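Data block below; observations after.
Numbers restart at 1 for each chain; the letters A, B, ... are given by sequence-line order, proteins then strands. In this text, all values refer to a predicted model and were calculated from it rather than measured experimentally.
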Amino acid sequence: MLVLEGVSKSFGAVAALRDVRLELRAGEAHALVGENGAGKSTLVKILAGAHAPDAGTITMNGEPLVLHNPADARAAGIAVIYQEPTLFPDLSVAENIFMGRQPLRGMRRIDAGEMRRRAAELFDRLGVQLDPDRPARGLSIADQQLVEIAKALSFDARVLVMDEPTAALSGVEVERLFAVARSLRDAGAAVLFISHRFDEVFALCERITVMRDGQWVSTDAAADLTVADVVRRMVGREVGTLFPKEEAAIGDARLEVRGLTRQGYFTDVSFTVHSGEIVALAGLVGAGRSEVIRAVFGVDRYDSGEVLVDGRPLHRGSASAAIGAGLALVPEDRRQQGLIMELSVERNATLPRRWSLSSLGLLFGGSERRAARDWSQRLQVKAARLGDPVSTLSGGNQQKVVLAKWLATQPRVLIVDEPTRGIDVGTKAEVHRLLSTLAGEGVAVLMVSSELPEVLGMADRVLVMHEGRLAADIPRHQADEESVMLAATGQGDR
Amino acid sequence: MTAVDTAAPPRTARATRLTHRVFLVRELGIVAALVLLIGATAISNHRFLSAQSVKDLLLGATILAILATGQAIVVITRNVDLSVGSVLGLSAFATGTLFLDHPGIPIPVVLVAGAALGAVCGAVNGALIAAARVPALVVTLGTLYVFRGIDYRWATGKQINAADIPRSFLHMGTNTVLGVPILTLFALVVVLCAGFYLRSYRSGRELYAIGSDPAAARLSGIAVGRRVFFAFVTCGALAGLAGVLYVARFGTLDANAGLGQELNVVAAVVVGGVAIFGGSGSVYGAALGAMLLTTIGSALPVLGVTPFWQRAAVGALILAAIGLDRALSVRVTKSLQRGVHQ
Amino acid sequence: EDTNTPSSDTSAGAGGSGTIKSGLKVAFLPKQVNNPYFDTSDNKGGKVAVEEFKGVYSETGPSETSPSAQVSYINTLSQQGTNVIAVSANDKDAICGALNEARQAGAKVVTYDSDTKPECRDLFINQATSEGIAKVQIKLISDAIGPDGGEIAILSATANATNQNAWIEMMKTELAKPEYSKLKLVDTVYGDDDDQKSFQEAQGLLAKHPNLKGIISPTTVGIAAAGRYLSGSSYKSKVQLTGLGTPNQMKAYVKDGTVKAFALWNPADLGYLAAYAGAALASGIIKGKEGDKFTAGKLGEFTVGKDGTVLLGDPYTFKADNIDQFNF
Amino acid sequence: MNILRKLGSWDVVVLVALALVVIVGEATIKGVGTPVFWRFVTLEVIPIAIIALPLTLIVITGEIDLSVASVMGLTCSVMGSLWAHGVTSLPLLIALCLLLGAVLGAFNGLFVTVFGLPSLAVTIGTLALYRGLAYVVLGDKAVSNYPVSWTSNAISPIPGLTIPWFVIIVGVLAVLFAVVLHATPIGRGLYAMGNNAEAARFAGVAVARTKFWLFVATGTMSSLAGVFWTFRFASARADNANGLELAVVAAVLLGGVSIFGGRGGLLGVIGAVVLLSTLRNALQLASVPPNTLTIVTGTLLIASVVGPNVVGMARERLRRRRPA
Ligand SMILES: Nc1ncnc2c1ncn2[C@@H]1O[C@H](COP(=O)(O)OP(=O)(O)OP(=O)(O)O)[C@@H](O)[C@H]1O
Ligand SMILES: Nc1ncnc2c1ncn2[C@@H]1O[C@H](COP(=O)(O)OP(=O)(O)OP(=O)(O)O)[C@@H](O)[C@H]1O
Ligand SMILES: [Mg+2]
Ligand SMILES: [Mg+2]
């Protein structure tokens with residue numbers, strides 16, 4: 001029904017998609033899997049008309065389809081749920097669903113009552129309790145995702161594209177979503193489903209396309225594949241080598257968090273990370289993991305509790321105090337939090353160290369450049385010039401710059417939030433090796449990750465969060481997929 | 001409606017009610033301030049509420065209210081138009097010149113011509129901003145100078161006086177219908193139409209969406225550039241219309257009509273509860289804000305406060321208004337979040 | 001050093017004899033270039049005079065009434081080697097420094113309409129004296145009301161405006177004269193030179209004083225607002241209005257009978273005189289001392305008074321039969 | 001070549017434009033380039049430059065301060081009032097005025113950083129508030145009886161030159177601000193927060209605190225400009241420097257500072273301040289009508305944002321063509 005052929009797309013130096021093909025059939029649910037940064041979302045955006053492909057063709061029912069903008073895609077009957085919700089915070093939920101397609105009455109006026117009623121109907125169908133009149137501002141990630149799903153459903157689309165719609169949803173909500181998706185499929189729509197959860201992929205989809213590093217790898221019927229097959233194709237090698245965990249001597253408590261609470265985000269979180277230890281903080285998206293470490297690092301405030309580094313309390317709400325105490329945070333959102341995209345590699349890499357690099361309060365080009373070159377070389381950052389803006393680097397290299405920037409501060413406690421999000425397989429292994437080495441050198445590492453293999457492969461201990469609370473503390477030898485998932489979904493024994 | 005009520009669980013419904021109340025409160029707040037101000041002034045000076053005085057209050061607010069309506073439309077899209085004062089001046093002078101050159105010209109033609117000239121100015125702004133993708137603040141600061149300069153060059157050595165303007169047109173500036181000045185009826189129609197459009201039409205709602213999150217608006221298939229362009233054209237057209245009405249009201253005019261108005265207009269919009277970063281607020285609020293600002297201007301002298309306090313009062317009012325908006329939005333956000341997280 | 005010195009070589013004493021050099025560069029610097037009042041004084045008065053004595057005329061100035069902007073233009077004029085700068089000051093002190101620098105560079109400075117401190121200019125051309133202004137307004141209101149007299153009121157600008165208050169005092173002195181014994185001043189109100197406020201105050205006067213026969217408004221904003229109110233009300237031609245106004249503002253009200261006559265000096269004459277006075281200075285005919293005499297074309301002979309002031313004369317009275325000759 | 005790259009292309013454009021104006025002006029307009037010409041240009045440049053220095057830093061952090069001219073006006077009023085009430089010590093007067101400026105700036109900063117309000121709206125409010133207070137303090141009076149020594153000293157030339165000595169103070173301040181912006185950790189933080197405040201916070205930049213102090217600095221510098229203004233014009237009035245904010249903002253933007261923050265430098269801004277004054281004075285000397293000058297200013301301003309955009313688009317197109 002919808003066929004993509006030879007699609008390529010690059011962003012500056014980053015080749016996000018290379019010669020990708022994809023074929024969706026009416027009445028079929030199709031899964032698209034691949035590692036972070038494999039190019040799935042980029043493909044989705046091309047389908048949605050948000051990005052124009054550099055090369056390649058799209059045909060729908062045999063007719064060539066040119067999508068200049070999202071409106072074209074919509075007109076072609078393609079409904080998209082983006083990975084990052086795209087809601088208008090100031091507008092009501094109902095308006096968010098029907099923006100541009102609001103039901104009309106006489107004189108082409110918007111029929112607000114009808115709109116509200118239809119929104120309520122959609123929510124009923126999805127089994128969620130949301131007031132159509134409330135503004136989107138303040139919705140939880142899960143609720144935002146549900147509004148996005150309702151938006152896509154409201155189209156009666158011929159093609160429904162869902163980019164990780166379930167990442168933030170609970171089991172019941174996922175079931176409802178699947179029921180809706182199946183009914184759409186049975187009514188003759190084509191469904192494209194993207195997820196990192198293989199159980200869902202196999203439960204919903206008939207065929208699976210695997211992508212790696214922006215390239216198409218395979219398309220097969222789900223019945224012919226096992227999870228192991230899919231993972232092998234995604235990663236391109238055996239998973240084991242991805243996690244070169246070294247045993248390190250575990251020393252004194254480096255980072256202690258006691259009873260940390262921030263109203264509306266997390267409650268009474270306490271844990272300790274020792275030198276030489278890698279502690280993973282696991283949980284579903286939206287469980288509050290990032291919020292906790294942001295508060296620990298001082299970029300967010302917290303209401304009560306305390307944070308100690310080497311036994312000394314840390315001044316709250318000051319990232320520079322945290323840096324001074326030897327903390328480093330590699331944030332989850334590289335573009336928004338990790339890097340200043342318009343500034344050069346050099347400036348980014350030396351930003352947290354700008355005071356220590358200065359002499360008499362003055363910064364001379366030389367010291368910054370030397371420091372930047374030093375760490376870029378160690379991490380093998382591929383950049384034409386250190387003076388180039390980081391935005392011209394590929395995703396993986398950008399992530400390396402973030403790592404370089406923090407490792408250069410020689411932290412005693414390294415906090416990493418989704419450290420391998422959006423970087424290629426090779427780099428991923430390098431990052432893991434690096435974390436291992438650092439732990440071996442006595443650094444305390446706290447790692448937030450949504451990727452279970454990474455959590456299980458790297459951590460000495462797994463902390464699991466559920467709805468803003470610490471739900472479990474599982475030592476390495478007891479941690480497995482099941483125990484972590486149970487705790488993360490709130491079914492743990494604690 | 002019942003479907004909604006049953007669908008909405010109590011906890012979010014409470015938060016929603018609060019939001020509604022807040023938005024209502026925001027506009028009612030201005031009305032209350034206005035009533036308080038007029039009441040206090042009337043108590044200290046009875047003439048302040050005579051028919052003539054009310055008429056003058058309304059007349060005084062008319063032009064600012066029309067400008068504020070146009071400005072609100074632009075600000076809602078997360079832009080700003082600083083050139084409105086200059087556009088008003090240009091259109092006012094054009095109106096005078098029209099009467100001078102074509103003494104018998106019908107009034108509706110003049111109204112349309114003024115608005116059209118304004119629309120052209122707005123189109124210049126909008127084209128630069130939407131097509132060349134340059135920030136509105138800088139572009140309209142530039143056109144503020146350019147339009148005014150053109151106005152000056154055109155007006156050098158010329159002057160338009162009450163004697164050059166047809167009586168019927170000047171009567172439009174002073175006459176009333178049921179106690180309401182005709183000019184104010186213009187403003188009322190403009191505000192109601194704009195408010196109705198922004199509320200009830202898809203393209204109107206899209207303006208809010210653009211201001212709320214421009215990137216999301218693009219992803220939702222909204223023609224952002226085109227909408228922003230037309231917001232500027234509308235704002236320009238309204239400034240042009242205001243220019244024509246300015247002539248009707250003041251009769252005499254030189255090239256300085258509307259000089260420095262831009263800050264008053266932005267102030268009225270901000271006081272009226274339109275968020276300076278777009279996405280929320282209404283033209284009703286903006287018009288009420290204009291009304292409040294001009295009423296303060298007339299009330300202070302009557303209250304015996306030296307006019308020197310007037311500007312300071314306006315400044316304090318702006319700060320109070322944005323501070324209040326901030327406090328309200330923090331409260332609403334908190335309550336909405338609590339609504340979700342128990 | 002000054003290559004722009006005009007060629008004529010007539011040496012003249014300070015006695016009003018001698019001729020004006022030709023080729024003098026005379027520049028007018030109004031408070032604001034886009035103001036019609038100054039357009040009249042400069043381009044319809046000053047320019048005519050400069051052409052008469054074959055000088056080089058120019059007008060320049062800021063588009064907003066700010067002293068600092070004026071300074072920039074004074075600086076430019078002095079660099080251009082202007083011989084005469086005729087300036088209407090936006091501030092009596094702020095432009096002093098610049099004027100003195102210009103004078104050191106060889107320019108003669110004449111202020112008109114609005115003066116600076118006396119030490120920063122050579123002459124001030126005063127449009128009218130306070131006595132003259134008061135006298136003509138009382139006469140006009142008396143003539144308009146007729147021999148029976150009655151109650152009158154004043155609609156002024158701001159309460160602390162010095163020139164307004166001086167005029168009001170003079171009017172009271174004038175009213176004490178026996179020929180005006182039937183006129184009774186009952187109220188003075190302040191419209192703050194704000195159109196809307198003046199309008200309201202005019203209306204308030206009529207509400208408060210049912211027997212009011214006339215209003216004097218010695219400010220252009222006030223008289224226009226009052227005229228607008230009266231012409232649109234039932235008091236039209238029952239209550240008389242006069243004061244200081246510009247003909248263009250008032251034309252409509254003179255024509256419809258709201259206002260019989262009002263006064264103002266002739267701005268064109270003011271500019272004309274300023275040009276001649278400056279040229280006389282630059283030609284060495286006068287030094288600007290008290291008692292110096294010079295001839296200003298069609299206006300005749302003038303004598304420099306105290307503090308280097310030259311008086312234009314009495315205010316000019318505008319009425320229905322002459323108002324069409326003016327456009328300012 | 002390397003140096004040019006480092007300066008950033010817009011700074012160069014501004015400086016080249018300045019050089020062109022001077023060269024063409026000198027060749028075609030009588031009086032341009034003479035010592036007296038430069039004296040007048042510098043006198044005009046001084047107050048604008050004083051404010052443009054801190055304002056550049058503020059705009060680089062992504063904020064704006066429109067109240068600068070009102071701070072000047074209020075400073076002038078208060079200074080006049082203090083003088084009229086018998087404060088006759090010059091150092092004390094200046095100190096009090098600078099303190100006032102700091103307080104007014106802190107008030108702006110408080111609203112922007114502590115209450116988290118948009119600086120555009122806040123400073124439009126204080127623009128009206130401060131100017132209003134200036135009127136409240138001084139009414140429509142003018143205070144002008146300062147000792148002649150003060151007023152003439154303020155603008156007296158450097159011995160042997162025509163340029164006022166005050167320019168040395170401005171020069172020192174300019175170097176100071178340039179060093180802070182371009183060669184200190186603080187400056188690095190300013191660019192970082194202007195580009196991406198959140199990422200800057202994650203890198204340990206104290207965004208709110210820095211912005212607060214920048215507003216204080218802007219207030220203080222504005223009041224310094226107010227003191228100079230009072231002495232230069234020998235007159236303290238409530239409407240002193242009315243509308244100057246637009247001229248300063250125009251100069252900063254023309255100097256290549258992005259209104260969205262994160263881009264621009266002081267060299268370009270100083271160049272733009274001098275360029276605008278030189279051009280204006282030159283055109284005035286050429287007897288260009290004042291109304292045309294208004295149009296020129298506006299067009300330059302628009303060109304300053306459209307220009308780099310067009311250059312960027314052209315460069316992008318070139319780059320796309322090259323690999324092919
Ligand atoms: N707007 C952009 N500009 C530059 N690079 C981009 C942009 N969007 C995506 N990329 C890069 O393109 C590559 C593919 O990204 P994409 O978002 O498609 O991955 P993905 O498969 O969806 O990953 P994930 O599972 O994390 O969502 C990444 O290297 C990413 O950094
Ligand atoms: N924009 C927002 N508005 C309201 N609530 C939010 C918002 N963003 C996050 N939250 C809430 O804050 C809490 C923590 O979210 P957060 O994204 O930090 O979780 P996380 O466990 O770090 O997930 P991730 O895997 O995405 O990093 C969740 O309850 C979420 O619903
Ligand atoms: Mg993705
Ligand atoms: Mg997270």
- Note on the structure: The reported gap from CG in L339(A) to CZ in F202(D) (rounded to nearest 0.5 angstrom) is 12.0 Å
- Item | Test item: T184(D) and L363(A) side chains (from C-beta on) under 4.5 Å apart, heavy atoms | no
- salt bridge (charged side-chain N to carboxylate O under 4.0 Å, His left out) partners for R378(A), two or more places apart: D374(A)
- Item | Interface moiety of R294(A) toward chain D, non-hydrogen atoms closer than 4.5 Å | side chain
- Task: Between chain D and each of A328(A), G324(A), P331(A), G298(A), count heavy-atom pairs under 4.5 Å; write down the option with the most.
- Result: P331(A)
- So what's closer than 4.5 Å to chain A heavy atoms on V179(D): side chain, backbone, both or neither? side chain
- Query: Under a 4.0 Å N-O cut-off, is there an ion pair linking E346(A) with R188(D)?
  - Reply: no
- For A319(A) and R201(D) the tightest heavy-atom approach is CB-O, 3.4 Å
- Message: Is there a side-chain contact (heavy atoms from CB on, under 4.5 Å) between E198(D) and I340(A)? Walk through the geometry before answering.
- Response: CA-CA 9 Å; E198(D) 195 177 2; I340(A) 292 154; over 6 Å; no
- Task: Show your reasoning for whether side-chain contact (heavy atoms from CB on, under 4.5 Å) applies to M341(A) and N196(D).
- Result: CA-CA 8 Å; M341(A) 302 304 284; N196(D) 183 340; 5.8 Å; no
- Side chain, backbone, both or neither: which part of I323(A) has a heavy atom under 4.5 Å from chain D? side chain
- Message: For the CD atom on Q410(A), are there more than 12 heavy atoms of other groups (residues, nucleotides or ligands in this structure) within a distance under 6.0 Å?
- Response: no
- Message: For R263(D), is the CZ atom crowded, meaning more than 12 foreign heavy atoms sit under 6.0 Å from it?
- Response: no
